[in-house]
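First the proteins, then the strands, lettered A, B, ... as listed; each starts at 1.
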Amino acid sequence: MKEQIAQLLEKTVEVLKQRGVLPADAAPRIQVDRTKDKAHGDLATNLAMMMAKPARTNPRALAEKIIEHLVPSDLVSRVEIAGPGFINFYLNPEWLAGRIEAIQQDPRCGVAAVAAPQTVVVDYSSPNLAKEMHVGHLRSTIIGDAVARTLEFLGHNVIRQNHVGDWGTQFGMLLAHMEELHKQGGELRMQLADLESFYREAKGRFDASESFAERSRQLVVELQSGDAYCLKLWQEFLDISLNHCHELYRRLNVSLDRSHVMGESAYNDDLPKVIDDLDAAGLLTEDQGAQCVFSDEFMSQDGSLLPMIVQKKGGGFLYATTDLAAIRYRQKVLNAQRVLYFVDIRQSLHFRQLFAVARKAGFVKDDTQLEHMAFGTVMGDDGTPFKTRSGGVAKLADLLDEAETRAYQLVKEKNPDMSDDELQHISRVVGVASVKYADLSKNRSSDYLFSFDNMISFEGNTAPYLLYAYTRVASLFRKAEISEDNAGAKILLTDEYETELAAKIVQFEEVVGRLAEKGCPHILCGYLYDLAGQFSSFYKNCPVLNADDEQIRKSRLALAQVTARVLRRGLSLLGIETLERM
RNA sequence: GACCCCGUAGCUCAGCUGGAUAGAGCAACUGCCUCCUAAGCAGUAGGUCACAGGUUCGAAUCCUGUCGGGGUCGCCA
């Protein structure tokens, strides 16, 4: 609706230009906002205030001219001038009712597919396979997944890339440890069931034994030179580690599968070529034996330049080299028009350099969008990065276990007679949803405080509140003994609760669009919370099944149905399942 | 030292491209279950938007400076 009103205003601006009210070269950035206060209508524009000066008049006088020449539309029922020169629009309830009727028939909940689909590469999750996934991987994994799902829903060609850490010196000690265990005839799969302790043991051996450390370094060299024995050990390790990851993805309802894995090692053969091409482009400078790219964009005030090191003095490559190879692959092979990196904010300098160098080297086209979708750190109560009670790194799997246990206790408290199977199912969904939603609902770029108490409190802007709102609709339909599909009806907006709910439903499209543009799922979370709140008010104040009038009963049932569908669709874009009862 | 980010109610967080009286939830206090799930609804109270200037008809939002917190900065990723 913002969009439609902006279009009306645009046409009006043209008319006013022809009439000489506005200067012919005026090209105002038309802004339409939702009002905070109902007294100011539903939508407002500041156009008259912006253009008063160029039009050599005062805002209110210009506002009158704008209204006078406003192209008629059935979208608005009333237009008013208010305050210093705002133009307030009141939505036409009949138009609103018509929109809801349309959305009712629309499996996409009123969200049109984009006119110009893009090929979007989404780089997310990207765990280090040497270790087990921990709390630090949570944000990239679920925020990236929500954005990928949303872009896909909008009709973009989404290519997921799980840029796993499957290469590097640490694999030397892991392979050496595997080798020792093999020789001892140990059951390797069992040992690797707990990757975290396997890594600790290997590290322990590395630090304690010089001969083990020597063997580790040797294995790295052999691995890099493509030794068959080393490669076999390495692949065995990766396979087990990847299985761990995908078990977690399944549990988290994350849409990544093995086909999305494109690890660091995949670019190995391309790394020397990257250096050659940087050299050919005249970007390479040798400094203290290392190959660097300098650029005046990364100069501090004292004139010193920040290098991006792409090759170590020993000839080895770095993550910068791999990232350059990856960015080129995404452009040349995947034909990306937009590349999104869901990576910790602490790497923002790295990405600024990476993007700048990639452009200079011609690895990406000028109009390819490169965006570092940075996120902040998950913090504990003490204001430092989140740790377990014992001070160790919190494994993702343990975190989910605890969330599910807490959810189980609460659900059981509320439903003492429920079967254990159902309790298990509900607490599993609620537990995972709570952890995910707590993260998704916070602004991506800032740090946030991890608190089980807050996320499973079942109050406020939490997953349980949204899931509960959804189950209330499901319950209505059970009581009404009709399936949700049969709710098609004429929509009658007879009071403010119905109107408010309808107005909120209609905003879904715009919200999904903003999420896709900014890569910020918290925008959708905030919307769904508002929607659920609006529904709860409606539910409390407007009898649905007990409505006096049959037409109103049908209309309200339909409103409830559309609300539920938007909730379910919205949650599914966030990668969160819904429940029929809880 | 340089660069980047942050500072909003006691706590956790929103606040869009500058817009009208800065919003939610928790905690505190009031009401509401003969009524479709009270995991709910309705309400009260709580603010010098770190501070000081500036731009603007209008600033939490943009600019400059100060203070406070965090992060990053040539061979880890």
Per [X] side chain, nearest of listed nucleotides [options]:
| X | options | answer |
| --- | --- | --- |
| A:D37 | B:A20, B:U21, B:C75 | B:U21 |
| A:P307 | B:U37, B:A39, B:G74 | B:G74 |
| A:K312 | B:A42, B:C75, B:A39 | B:C75 |
| A:R472 | B:A38, B:U12, B:G19 | B:A38 |
| A:D287 | B:C36, B:U72, B:G74 | B:G74 |
| A:R352 | B:A38, B:C3, B:C36 | B:C3 |
| A:Y468 | B:C76, B:G25, B:A38 | B:A38 |
| A:L476 | B:C57, B:A39, B:C36 | B:C36 |
| A:V544 | B:A38, B:C75, B:C36 | B:C36 |
| A:L449 | B:A38, B:A39, B:U12 | B:U12 |

Using a heavy-atom cut-off of 4.0 Å across all strands, would you classify [X] as base, sugar-phosphate, or nothing?
| X | result |
| --- | --- |
| A:M582 | base |
| A:A44 | base |
| A:N415 | base |
| A:H350 | nothing |
| A:N88 | base |

Which residue lies more 5' along RNA chain B, comparing A:T45 with A:Y465 via nearest heavy atoms
A:T45
For A:S537 and for A:S441, locate the closest nucleotide of RNA chain B by heavy-atom distance; then report the residue assigned to the nucleotide nearer the 5' terminus.
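First, find each residue's nearest nucleotide; the 5'-ward one identifies A:S441.
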A:H522 aromatic ring stacked with six-membered ring of B:A14, 5.5 Å and 30°:
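It does not: the ring fails the test against the base of B:A14.
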May I ask whether A:F86 stacks on the base of B:G19, given the cut-offs of 5.5 Å between ring centres and 30° between planes?
no
Could you check whether A:S451 and A:D453, counting side-chain N and O atoms only, form a donor-acceptor pair closer than 3.5 Å?
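No, A:S451 and A:D453 have no side-chain donor paired with an acceptor closer than 3.5 Å.
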Rounded to the nearest Å, what distance is computed from the [atom1] atom of residue [X] to the [atom2] atom of nucleotide [N]?
| X | N | atom1 | atom2 | result |
| --- | --- | --- | --- | --- |
| A:E459 | B:A39 | CD | C1' | 7 Å |
| A:K36 | B:A14 | NZ | P | 16 Å |
| A:D344 | B:C4 | CG | C1' | 13 Å |
| A:F477 | B:C36 | CZ | C1' | 12 Å |

Is the glycosidic angle of B:C16 within 90° of 0, making it syn, or outside that range, making it anti?
anti
